[in-house]
Number of protein chains: 2
Amino acid sequence: MRIITWNINSVRARTNIVEQLVKTYDPDILCLQETKVQDHMFPTDFFEEIGLPHLAIHGQKSHHGVATAAKAPFEDSFKIDWCEKGDARHIAVKIAGGPTLHNFYVPAGGDVPDPEENDKFAHKLQFMEEMTAWSKGLKEPSIVVGDLNIAPHPDDVWDHKKLLKVVSHTPIETEGMMKMIDAHGWVDVMREFTPLPEKLYSWWSYRARDWNAADKGRRLDHVWVSPSIKDTAKHMEVARDARGWEKPSDHAPVIVDFEF
Amino acid sequence: MRIITWNINSVRARTNIVEQLVKTYDPDILCLQETKVQDHMFPTDFFEEIGLPHLAIHGQKSHHGVATAAKAPFEDSFKIDWCEKGDARHIAVKIAGGPTLHNFYVPAGGDVPDPEENDKFAHKLQFMEEMTAWSKGLKEPSIVVGDLNIAPHPDDVWDHKKLLKVVSHTPIETEGMMKMIDAHGWVDVMREFTPLPEKLYSWWSYRARDWNAADKGRRLDHVWVSPSIKDTAKHMEVARDARGWEKPSDHAPVIVDFEF
DNA sequence: GCCCCAAAAG
DNA sequence: CTTTTGGGGC
């Protein structure tokens, strides 16, 4: 079973590359973030046409929004309202004969890494705290995927020192993420297959002139599994080629194959 | 010598179909209206690549804008500032070994066909008056092309009666256009090749569900020549197919072949 | 409908 | 750099 997670940066503006991803990498389940579309305007017909007719979507106008699309029906699906903000940042599905799959879009956190001065950063930290508490209490085997907007390790960014004061790689965020991982014993699947200290990125800014040559990337996207199902993950790759497709997202898809 | 006039509704948003037009219909001179781009941002490289490297452009930010592109150099080019508004609505070129070619974008005129209530309609009427006076004084053989935003004859619109109170087909506009034609003795080339009462359109609204089947068109685009060079026009067609291309303009190109 | 622009957001 | 929105224009 192949699961792909991808921050698509508007699903309606990028049906072309979603189709290209599905044709090229053939996911069984596709988890999207930043769909930027209300549920009643979601392109359901398109997902049917590309062979992923089963949808669990949680969207809002303009911002955020997540969607999980699959070849086969889910046993169940539900949303969690993190920070009681009504934001569309999470959707969970129960995979038939498999674990529960949580699709997250964690707040980016704005520019200033100070919760006193920047409400968006405070929101990001509170979101992580709630995820940490939730991780601690979580009993059933689960998968967390999505854009968590934090690159936790020095080798998850192109320049550790330069990024220590840049939101996504500040100590309060990276240490918070490690606490969240410890709270459940989450297994960082990407790093199981590409161990430290190898560089590993999933995001390259639109603003860079030549993103590929400059390679100033960050690993903002993640796939975590409960320790009890660690060995079900058989393969991982970052589909870096998709970052170079026509009208790309600034994120690359992360692909993981499981055997449940 | 093939001349094509086309309201392109943003030249930068439609380089694809400009290329398709050039490949399909191979104009020697292409006159565009509503280029919507300042001169320093005009896609000159693109026009070089498609074989029309010689440019006379008159643009402004956001609105209006005309451009005349050709395979061969012009002998001269100049602009006229109609109504002293500084609008980019005209560019003229002297064709080597041929007449002077005037490329116009006449004001659309807003919604309410009353010059007292609607400044845009007053502007349109004043523009026509200035063009009429200019036509009267014009000595050298000339060609006028462009989006004149008036469909003068009953068979230039899909429903004459329904459009009598709709800007582009009101009596004050259609009669004004006939006066302008008389002022110079302009020969309406499109109607030489497709005589009344045959229906002839060059524009179909974006808002129509199925523009082709409904066929609620108007002839807003024109090609006129001085009476002395009437017989140099050898062929005319409206490239209606272009209205159905990918991301179309709401206007179709008008093609005229000349032998100077 | 579809273009432009200006803001806000990433 | 790229997306969204809402307003203006046609």
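Chain letters run A, B, ... following the sequence lines, proteins first and then strands; every chain starts at 1. Note: hydrogens, waters and symmetry copies are ignored here, and every other heavy atom, side chains too, is used. Bear in mind that the values here come from a model prediction, so they are computed numbers and not experimental data.
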Do the side chains of L163(A) and S168(A) get nearer than 4.5 Å, heavy atoms only? no
Go through the structure and list residues passing side-chain hydrogen bond (donor to acceptor under 3.5 Å, both in side chains) with H63(A), not counting sequence neighbours. none
Using whole Å, what does the distance between atom P of nucleotide dC5(C) and atom CD of E34(B) come to? 13 Å
Taking CG in D159(A) as the centre, count heavy atoms belonging to other residues, nucleotides or ligands within less than 6.0 Å. Is the count above 12? yes
To the nearest angstrom, the CG-P distance between D87(A) and dG10(C) comes to 10 Å
Here the distance between atom C1' of dC3(C) and atom CG of N7(B), to the nearest Å, is 11 Å
For DNA chain D, which residues in residues 244-254 of chain B have a heavy atom at a distance below 4.0 Å? none
Whole-Å distance, H63(A) NE2 to dG10(C) C1', equals 10 Å
Stepwise side chain to side chain contact (heavy atoms under 4.5 Å, CB included) check, Y25(B) with D241(B): CA-CA 11 Å; Y25(B) 292 106; D241(B) 59 330; 2.8 Å; yes
When you measure from every atom of DNA chain C, which of residues 166-177 of chain B have a heavy atom less than 4.0 Å away? none
For K165(B), I'd like to know if atom NZ has over 12 heavy atoms of other residues, nucleotides or ligands within 6.0 Å. no
Mapping Y206(B) and R14(A) to their closest nucleotides on DNA chain D, which lands nearer the 5' end? R14(A)
Could you state the atom-to-atom distance from CD1 of I8(B) to P of dC3(C) in whole Å? 11 Å
K124(B) and salt bridge (Lys or Arg N to Asp or Glu O under 4.0 Å): which partner among E173(B), E129(B), E130(B)? E173(B)
With rounding to the nearest 0.5 angstrom, report the CZ to CZ distance, F46(B) to R12(B). 13.5 Å
Just verifying a value: how many Å separate M177(B) CE and L148(B) CG, rounded to the nearest 0.5 Å? 4.5 Å
Atom CD of Q33(A) and atom C1' of dA9(C) are separated, to the nearest Å, by 17 Å
Checking the side chain of N118(B) only, and the main-chain atoms of G109(B) only, is there a donor and an acceptor separated by less than 3.5 Å? yes
Rounding to a whole Å, what distance do you find between N16(B):CG and dC2(C):P? 16 Å
Identified side-chain contact (heavy atoms from CB on, under 4.5 Å) partner of W224(B) from the options V145(B), I181(B), V189(B): I181(B)
Look up atom CE in M131(A) and atom CE in M180(A), then write down how far apart they are to the nearest 0.5 Å. 4.5 Å
Excluding sequence neighbours, so at least two apart, what forms side-chain contact (heavy atoms from CB on, under 4.5 Å) with T174(A)? I150(A), H169(A)
Nucleotide interval of DNA chain D bounded by contacts with chain A (heavy-atom cut-off, under 4.0 Å): dC1(D) to dG6(D)
Between W204(B) and the options R240(B), K216(B), R218(B), the side-chain contact (heavy atoms from CB on, under 4.5 Å) test singles out R240(B)
For DNA chain C, whose closest nucleotide is more 5', that of K36(B) or that of K61(B)? K36(B)
Quick check on contacts: within residues 104-127 of chain B, what sits under 4.0 Å from DNA chain C by heavy-atom distance? none
Worked verdict on H90(A) versus H102(A) for ring-ring contact (aromatic ring centres under 6.0 Å, His included): CA-CA 7 Å; H90(A) 169 270; H102(A) 294 270; 5.2 Å; yes
Hey, does the side-chain of R209(B) have a donor or acceptor N/O within less than 3.5 Å of a partner on the base of dG1(C)? no
